[in-house]
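Convention: sequence-line order gives letters A, B, ...; per-chain numbering from 1.
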Amino acid sequence: MRGLLNPRAMSKEATRIVEVLRGAQPVGAEVVIEGWVRTRRDSKAGLSFVNVHDGSCFDAIQVVAASDLAEYEEVVLALGAGCAVRVRGSVVPSQGKGQSVELKALAIELVGDVESPETYPMQPKRHSMEYLREVGHLRPRTNVIGAVTRVRHTLSQAVHRFFHERGFYWIHTPIITASDAEGAGQMFRVSTLDLANLPRTKDGAVDFDQDFFGKESFLTVSGQLNVETYCCALSKVYTFGPTFRAENSNTRRHLAEFWMIEPEIAFADLADDVALAEDFLKSIFRALLDERDDDLRFFASFVDKECITRLEKLVESDFERMSYTEAVERLQKSGKKFEFEPRWGADLQSEHERYLTEEVVGRPIAVLDYPKDIKAFYMRQNDDGKTVAAMDVLAPGIGEIIGGSQREERLDRLDARIDEMGLPKDHYDWYRDLRRYGTVPHAGFGLGFERAILYATGMENIRDVIPFPRAPRQIDF
RNA sequence: UCCGGAGUAGCUCAGUGGUAGAGCGAUCGGCUGUUAACCGAUUGGUCGUAGGUUCGAGUCCUACCUCCGGAGCCA
């Protein structure tokens with residue numbers, strides 16, 4: 001504990017608050033903590049209570065500063081919400097309720113003052129999520145965004161750990177792409193052309209030959225087609241990266257920039273794919289239950305009281321499997337009045353999905369073999385001539401959480417679909433090559449990472465589970 | 001993009017044609033081993049913007065902007 005006796009040398013020895021609160025530092029130990037003040041309360045008994053958080057865990061630590069500290073008048077009594085401080089103190093059992101240990105201050109240093117407390121946007125009170133979005137640079141200091149951030153991190157780590165432990169390789173698929181016909185929504189254009197003075201070809205079209213890549217280029221809407229190439233070489237692969245959609249979607253479950261997880265497995269069929277999805281969801285949510293109990297208890301108390309039991313139930317229950325055809329029949333026979341009547345050949349509506357998973361089976365369900373006409377060109381055609389080997393995993397409380405399929409590995413069948421759907425075959429030459437050279441049955445799925453976080457936390461708006469939300473007319477911070 | 005709702009003090013909201021309010025915050029004081037403390041005082045607003053109706057508009061009308069919810073699209 002070299003240097004601790006000199007307040008000016010405190011920073012190199014700082015201890016994370018979580019270690020103090022969890023007892024990693026024994027009672028009597030002298031530690032330095034660094035963080036931001038949440039609240040200060042003064043007692044006429046000659047001491048002040050300063051709550052300090054550093055993001056290392058949900059809780060703040062209570063610093064007890066006695067009035068005989070040299071800097072009491074000048075520093076301690078000037079502390080307020082948001083001040084950055086460094087505190088040297090000894091770990092002591094708390095005399096009050098609400099915490100088992102606290103820090104008896106030996107020295108307090110004001111590292112960064114709050115210039116004008118009356119304009120500091122983070123008041124010591126509950127704020128609306130809408131307001132917090134307007135102060136996106138300061139909202140990480142709140143309980144709720146801090147908790148979301150730690151949950152997000154833990155789930156990210158669990159994703160990578162899950163795949164790594166099972167022999168999957170993480171493939172960094174490209175962010176910029178020239179594939180303009182993946183059929184997954186509007187794309188953002190990437191260009192270095194001068195918008196005010198676009199080069200033209202002889203027939204008046206924009207001359208993309210003069211653009212940076214010499215072709216029309218976009219931000220990716222999915223890494224799937226790219227990751228399939230690595231799947232057909234390294235067998236088990238996945239992507240986990242940003243994805244972009246230029247749809248004008250103004251809802252609480254859409255972002256223009258979000259993170260997607262897409263595993264792809266070779267020598268595998270749809271049943272293998274569903275089994276992987278089930279293992280995957282159970283694994284990452286079990287990790288969350290194990291590692292972020294403090295934050296989950298916060299969500300259960302203040303955001304969604306069902307969130308922990310929902311996770312526990314998902315982790316423990318076996319997923320139901322049901323064909324799309326049977327699902328439609330069950331919906332039609334349910335007698336329940338839906339806004340949209342369930343009909344074979346139409347996609348399942350949100351209300352249908354929730355009814356199936358919440359009321360018909362009461363646990364997660366994988367719906368299999370959808371009509372080919374409502375699914376993408378690359379999905380494997382079933383022998384019935386009507387359906388493809390697609391699957392959606394539906395979960396209580398949210399509906400669709402995963403969508404995937406076995407891929408069409410037969411070149412003639414793939415080409416037939418490309419032609420039927422009027423897609424430009426030349427764009428898919430490299431994708432078709434995978435079917436010409438050592439083709440293999442393979443399958444995969446996609447999971448919107450932010451939607452998984454919504455599910456785990458009970459947060460309502462997807463803009464609050466990503467650090468910097470990008471959505472139509474929203475790109476601040 | 002379509003449908004619905006909402007923009008009033010730093011924040012959350014009340015105010016339904018006649019002199020702009022409360023709680024919280026902030027500031028000051030009191031009290032207390034305190035827990036987003038408690039008690040008192042002070043501070044605080046071109047009522048989203050632009051037009052219009054009216055003797056008079058926060059309130060009624062029109063347009064626009066922004067946000068929220070639902071739908072569509074999807075992850």
Side-chain angles (χ1 to χ4, degrees), chain A residues 37-51 53 59-67 77-78 80-82 92-99 102 104 114 116-135 142-144 182-186 220-224 239 242-262 302 339-340 347-351 353 374-376 392-393 398-404 445-455 460-466 471-474 476:
Chain A
V37 172
R38 277 270 170 72
T39 59
R40 189 194 91 230
R41 295 173 296 277
D42 304 321
S43 167
K44 272 294 175 292
L47 65 167
S48 293
F49 301 94
V50 184
N51 277 75
H53 75 101
D59 289 312
I61 193 168
Q62 174 157 284
V63 171
V64 183
S67 58
L77 289 185
V92 297
S94 180
Q95 296 176 33
K97 292 172 186 164
Q99 59 281 317
E102 59 195 23
K104 181 170 165 45
V114 169
S116 51
E118 64 274 15
T119 64
Y120 183 56
M122 297 292 106
Q123 300 171 358
K125 56 184 278 192
R126 190 166 189 165
H127 284 116
S128 67
M129 297 310 300
E130 291 82 5
Y131 173 69
L132 291 179
R133 259 170 248 150
E134 294 172 12
V135 285
T142 61
N143 279 331
V144 62
E182 290 169 14
Q186 289 289 108
T220 183
V221 293
S222 165
Q224 181 201 314
T239 72
T243 309
F244 307 87
R245 303 279 169 91
E247 296 286 339
N248 190 10
S249 298
N250 294 285
T251 81
R252 62 189 178 88
R253 43 174 84 203
H254 289 86
L255 289 167
E257 175 183 284
F258 62 98
W259 287 61
M260 192 149 65
I261 297 156
E262 296 170 293
F302 292 99
E339 190 183 342
F340 293 92
D347 214 349
L348 298 178
Q349 300 286 319
S350 300
E351 56 176 340
E353 294 178 341
I374 58 172
K375 289 294 181 182
D392 283 352
V393 176
I398 193 171
E400 181 182 340
I401 189 168
I402 277 179
F445 64 79
L447 168 76
F449 187 49
E450 285 76 18
R451 290 192 177 173
I453 300 172
L454 289 181
Y455 179 78
E460 289 188 341
N461 195 309
I462 200 165
R463 299 174 191 203
D464 302 321
V465 299
I466 190 166
R473 309 204 61 80
Q474 181 166 32
D476 289 335

- Query: When you measure from the side chain of A:Lys125, which nucleotide among B:rG33, B:rC11, B:rU12 comes out closest?
  - Reply: B:rC11
- Less than 4.5 Å apart, any side-chain heavy atom of A:Arg252 and any of A:Ile462? no
- With rounding to whole Å, what would you report as the distance between B:rG15 and B:rA6 at their C1' atoms? 16 Å
- Message: Regarding A:Gln95, tell me which of base, sugar-phosphate or nothing describes its non-hydrogen contacts under 4.0 Å with the strands shown.
- Response: base
- Here the distance between atom P of B:rA26 and atom CZ of A:Arg41, to the nearest Å, is 13 Å
- G-U wobble or Watson-Crick pairing nucleotide for B:rG44 (cut-off 3.5 Å, both distances): none
- Rounded C1' spacing from B:rU32 to B:rA22 in Å: 27 Å
- Task: Without swapping roles, check the side chain of A:Glu450 against the backbone of A:Trp259 for a donor-acceptor pair under 3.5 Å.
- Result: yes
- Length of the line joining A:Asp42:CG and B:rG33:P, which is rounded to integer Å: 12 Å
- With P as the reference atom in both, quote the distance from B:rU12 to B:rA50 in angstrom, rounded to an integer. 23 Å
- Scan A:Ser94 against the nucleic acid and name what it touches under 4.0 Å (heavy atoms): base, sugar-phosphate only, or nothing. base
- Message: Using a 4.0 Å heavy-atom cut-off, does A:His127 contact any base of the nucleic acid, only the sugar-phosphate backbone, or nothing at all?
- Response: sugar-phosphate
- Query: Side-chain donor or acceptor of A:Ser249 under 3.5 Å from a matching atom on the base of B:rC73?
  - Reply: yes
- Query: Got A:His254 and A:Glu247 here, is their nearest side-chain heavy-atom distance under 4.5 Å?
  - Reply: no
- Message: So, does A:Ser128 get its side chain near the phosphate of B:rU12, meaning an N or O under 4.0 Å from OP1 or OP2?
- Response: yes
- Task: Please determine, for the side chain of A:Val64, which listed nucleotide (B:rG33, B:rA71, B:rC31) has the closest atom?
- Result: B:rG33
- Distance in angstrom units between A:Glu247 CD and B:rC2 P, rounded: 15 Å
- Task: Scan every strand shown for a Watson-Crick or G-U wobble partner of B:rU54, both distances under 3.5 Å, and answer none if you come up empty.
- Result: none
- Considering every strand shown, what is the Watson-Crick or G-U wobble mate of B:rC67 when both distances are under 3.5 Å? B:rG5
- Just call it for A:Gln99: base, sugar-phosphate, or nothing, with non-hydrogen atoms closer than 4.0 Å on any strand. base
- Nucleotide nearest A:Arg133 when distance is taken to its side chain, options B:rG33, B:rC31, B:rC68: B:rC68
- Item | Side-chain donor/acceptor contact of A:Gln62 with base of B:rU34 under 3.5 Å | yes
- Query: Just checking A:Leu255: base, sugar-phosphate only, or nothing, at a heavy-atom cut-off of under 4.0 Å?
  - Reply: base
- Message: With rounding to the closest Å, how many angstrom separate the C1' atoms on B:rG18 and B:rC31?
- Response: 45 Å
- Query: How do A:Glu134 and A:Arg473 order along RNA chain B: which one's closest nucleotide is nearer the 5' end?
  - Reply: A:Glu134
- Message: Given the structure, check if the side chain of A:Gln123 and the base of B:rG25 hold any donor-acceptor pair shorter than 3.5 Å.
- Response: no
- Message: Please give the distance between the C1' atoms of B:rU62 and B:rU54 as a whole number of Å.
- Response: 16 Å
- Task: Rounded off to whole Å, could you give me the CD-to-C1' distance for the A:Gln224 and B:rC74 pair?
- Result: 15 Å
- Measure from OH on A:Tyr131 to P on B:rG10 and round the result to the nearest Å. 10 Å
- Have a look at A:Thr251 and say if it touches a base, only the backbone sugar-phosphate, or nothing, with a 4.0 Å heavy-atom cut-off. base
- Nearest-nucleotide pick for A:Ala45, side chain only, options being B:rA37, B:rG33, B:rC67: B:rG33
- Task: Could you tell me whether A:Gly403 contacts a base, only the sugar-phosphate backbone, or nothing, with contacts defined as non-hydrogen atoms closer than 4.0 Å?
- Result: nothing
- Task: Measure from CZ on A:Phe340 to P on B:rG70 and round the result to the nearest Å.
- Result: 15 Å
- Query: For the pair made of CG in A:Asn51 and C1' in B:rU35, what is the distance, rounded to whole Å?
  - Reply: 7 Å
- Message: Could you tell me the Watson-Crick or G-U partner of B:rC73, where both distances fall under 3.5 Å? Say none if there is no partner.
- Response: none
- Message: Tell me whether A:Glu460 at atom CD has more than 12 heavy atoms from other residues, nucleotides or ligands lying less than 6.0 Å away.
- Response: no
- Which whole-number value in Å describes the distance from A:Arg126 CZ to B:rC13 P? 12 Å
- Query: Which value, in whole Å, describes the distance between the P atoms of nucleotides B:rC11 and B:rU16?
  - Reply: 23 Å
- A:Glu351 side chain vs A:Phe340 backbone, donor-acceptor pair below 3.5 Å: yes
- Query: Can you tell me how far C1' in B:rU43 sits from the matching atom in B:rG5, rounded to whole Å?
  - Reply: 33 Å
- Out of B:rC68, B:rU12, B:rA26, minimum distance to the side chain of A:Pro117 belongs to B:rA26
- Query: Hey, are A:Asp42 and A:Lys44 close enough for a salt bridge, meaning a charged N less than 4.0 Å from a carboxylate O?
  - Reply: no
- Task: Kindly say if A:Arg40 contacts the phosphate of B:rU35, meaning a side-chain N or O under 4.0 Å from OP1 or OP2.
- Result: no
- Message: With rounding to the closest Å, how many angstrom separate the P atoms on B:rA9 and B:rG58?
- Response: 14 Å
- Hey, which sits more toward the 5' end of RNA chain B by its nearest nucleotide, A:Arg463 or A:Gly446? A:Arg463
- Message: For a quick check of understanding: with a heavy-atom distance under 4.0 Å over all strands, which category does A:Gln474 fall into, base, sugar-phosphate or nothing?
- Response: nothing
- A:Arg41 side chain vs A:Phe49 backbone, donor-acceptor pair below 3.5 Å: no
- Verify the contact: side-chain N or O of A:Asn248 to OP1 or OP2 of B:rC2, cut-off strictly under 4.0 Å; return yes or no. no
- Message: Could you report the tightest heavy-atom contact between A:Glu262 and A:Met260, atom names first, then the distance?
- Response: OE2-CE, 3.5 Å
- Counterpart base for B:rU16, defined by Watson-Crick or G-U wobble contacts under 3.5 Å: none
- As its Watson-Crick or G-U partner within any shown strand, both distances under 3.5 Å, B:rU59 has none
- Evaluation steps, side-chain contact (heavy atoms from CB on, under 4.5 Å), between A:Asn143 and A:Arg38: CA-CA 10 Å; A:Asn143 279 331; A:Arg38 277 270 170 72; 3.1 Å; yes
